[in-house]
Each structure stands twice: as structure tokens, then as C-alpha cells.
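Throughout, residue positions are numbered sequentially from 1 according to the sequence presented.
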Amino acid sequence: MKMKKVMSLVLALAMTLSLTACGGDEAANAPAAEPEAAAPADSEAAPEEEAAPADSEAAPAAEGADVSGKTVVFIPKVTGNAFFEAANDGAQKYAADWGITVDYQGSATAGVADQVQVINNAVASGADAICISTVDAAGVRDALLEAQEAGLAVCTWDSDAQSDARALMVSQGTPEILGQMLVDMSVDALKKRGVDPAKDEVKYVWHYSQATVTDQNSWQVAGEAIIAKDYPNWTRVADNYYSNQDAEQAVSTGAAILDAYPDIDLIICNDSTALPGQLKAAQNKGITKDDMTITGFATPMAIKEYCDAGVLYEWGLWDCGIQGALGCYLAAYMAAGNEVKVGDVISVPGIGDCEVMANDCLTEGDTTADTNNGVVLLPERVVFDESNVNNYNF
């Protein structure tokens, strides 16, 4: 399960944290990047992330009840994907320090029925908590509600559940933040190959996993709103293409796009399986970064070979290892009997202080329960290109 304001990754960069969400010693503890790594110098930073109003006062950070001894079932959308495997690596690393058990369980197929089965298995196993990236928020709602009724704490990460079916969500950013990042990377890469994004006609399309995947769908909707406002000269040539987070299908879907629209200017892949698949399809046809712009979200190592081969200029992501670890910690934190409300700050050992924000920071109009419900945002993202990709190992 890729990833504007081009900010450096938690792993590596020492930029000011402007999100009023997580702050602390992420860079010191993250496993991957070199300290001097930086986003491309000529990338345009997107507007600062939405922070809490200046006059709002967050509660002092608190460590809360001890999480040690808790077991968290950590559920990805799909196993075998570089993003989710890296998230598990991060979760396991921190779990050892926190004294919790992270049980990584999932399916090689990104399907609702498979996730429901894993949720039910977690309940039957006597686990204390679940931390899940959902493939379909509505599809897993009943199973998550039943898990809560059985006494398990439920948190989400990467792709949210419906907000009444979980306590806390660890998000990589608001739809506006990530939609803007996708558009900014598209604009920057178009410029690098001599296209004027503000004046030239730009034909584009979106390729990602599924319309039911909460996070990716919301980024596409936000990106479309930004394009309509800032780039009315762009034309979306078709409805979204979906490849269901299947690696082979991502290549065949990518090829179908190229066959249908051989003169397309831009393909945006806001999914860590769709992006390498689309790039492979382009490479198979001899398409380079100077012929067509392809960008999106994926881990650096999943895309490095295509960057080295000159198939794309840039792509982005966030520290999925920190995100996975944070989700598991918060699940254990809730399972330990801690109570939180919007505005509280949770002190996470080795990661930093995280403020609980209202659910409507992700979904307009969403309500937030008085206690044990809300969102925690990751503070930073990064754009990868040939200048910095070798500084990362996930």
C-alpha cells in the first residue's frame, strides 16, 4: 500500500514540522535515508499543510498507560507489495523497543473477503488490537464493529475505515495535501520535458487501484479540483483506470492506456502497484520520460530501476515505516485503556508527539466522537528523483 509541498521524509530530513501533528525524533530513529538527502532543488513546494488554528491549544503530551505486552494484528491491503512490506519492517523495528507484538497478517489478493477473514481471525486469536489499511471502508465496517464489540481496539493507517468503525487513523496527509503533491509532481515533470503546464494542452488520465479505496480515491478527487482551478487547459481523456493492486494487471492496464491514447501527455498513478506497472508498460513500448510524463506514489526502491532507465523524472511518498509503526503503537495505546480526545497529544517513544485531530480533516462533514476517535497526520513527504533515490533503502 505512494507519497505539493515537497517536504523531506521523516527518515532523513531535518525540516520544520508544520503539520501540528507528529513531531520529534523521527529522523534519528528512521532506518533508511542519509541525513543530507533533499528534495529536488527545482521542485516547487506546495503550500504549507493545514495546521491547527494558531489560537488552539493542544493538551500537554502524555505517555499514558503502558503498552508493553499488547498484541496488534497489523493488516495491509495486500501482502508482497513493497510499500506494505516496508511498513511492516518499520512496525517490527519499533515494536521490539516498545515491548509489543506486531502480527503481520494479510492476503496476496487485495479483496474485501480476505480482509474480513483476517479481521475475524484476529478476534478469534485473542489479539488486543487491529491496525488495518482497508481495501474497502464500507466492506470491512461490520467486521471491524464486531471486533470492537469483542473488546479489540481498532486503528487504521494508510487507507481509512469508516470513522465509527475505528478509534484513530494514521494518515499520510489530507486529500488536499496529497492531491496537491500529485499535481505539483506532474507540473514539475511536464516542465522538465519542455511542456508548459499553464498554456499547453495536456491530455491526462488517472491509474490506481480501486474506486473503493478511501485514500487513493480522495486524492484523485482533490487533484481533479486543483486541476480544474489551476489548469483549465488540461483535458482528462478517460475515466479512471483501475488495476486492483495486482502487479500483472497494473502492467496490462498500463499497456491498455498507452494503446488507447498513444499521444497522452500525463498519467498519474496514485498507487504503489499501479505506478511500477505503468512504468513497465511504458518501458516495454520504448517510451521515456521525454516522451510522456508518468508520476505518482510508490517506494523509492520499487521505482529506482525505471528512474535509472530514464522512464520517469520524479515520484513521491512518505515514510511508510514510521506510519506503520505509529499505527501499531496507537492501536496498542488504545488497547491499554488510554482515553483520548481531539486536541490531546500522545507521546510516542522514538517517534515524537502526535496530536489527535478531528475526522473532518480527512473527510469534509465527518463527525468525531467525544472520546477515542480522530486522526493523526504524518508530518512529511518527499519527492524522489535521480538526485536522491540512492539515499533510501525501502
>> With a 6.0 Å cut-off on the ring centroids, do Y392 and F384 count as close?
In response: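 Under 6.0 Å, so yes.
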Any donor-acceptor pair under 3.5 Å linking the side-chain atoms of [Y] with those of [X]?
X    : Y    : answer
S68  : D66  : yes
N81  : T273 : yes
N372 : E339 : no

>> Check the orientation of W234 and Y231. Use parallel for under 30°, tilted for 30 to 60°, and perpendicular for over 60°.
In response: parallel
> Going by an N to O cut-off under 4.0 Å, is there a salt bridge joining D291 and K285?
Replying inline: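 Judged by the 4.0 Å cut-off on N to carboxylate O distance, D291 and K285 do not form a salt bridge.
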> Of D239, N240, D246, which meets side-chain hydrogen bond (donor to acceptor under 3.5 Å, both in side chains) against Y242?
Replying inline: N240
Beyond-backbone contact of [X] with [Y], side-chain heavy atoms, under 4.5 angstrom:
X    : Y    : answer
T134 : R141 : no
Y329 : V102 : no
D319 : E380 : no
K341 : N373 : no

> Which one of D158, I75, V73, D160 satisfies the side chain to side chain contact (heavy atoms under 4.5 Å, CB included) criterion with I132?
Replying inline: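 Passing option: I75.
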>> Which residue is it: S133, P76, S171? I am looking for the one with a side chain to side chain contact (heavy atoms under 4.5 Å, CB included) to S159.
In response: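 Among S133, P76, S171, the one that satisfies the side chain to side chain contact (heavy atoms under 4.5 Å, CB included) with S159 is S133.
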> Do other residues, nucleotides or ligands put more than 12 heavy atoms under 6.0 Å from the CG atom of D370?
Replying inline: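 For D370, atom CG is not crowded (no more than 12 foreign heavy atoms under 6.0 Å).
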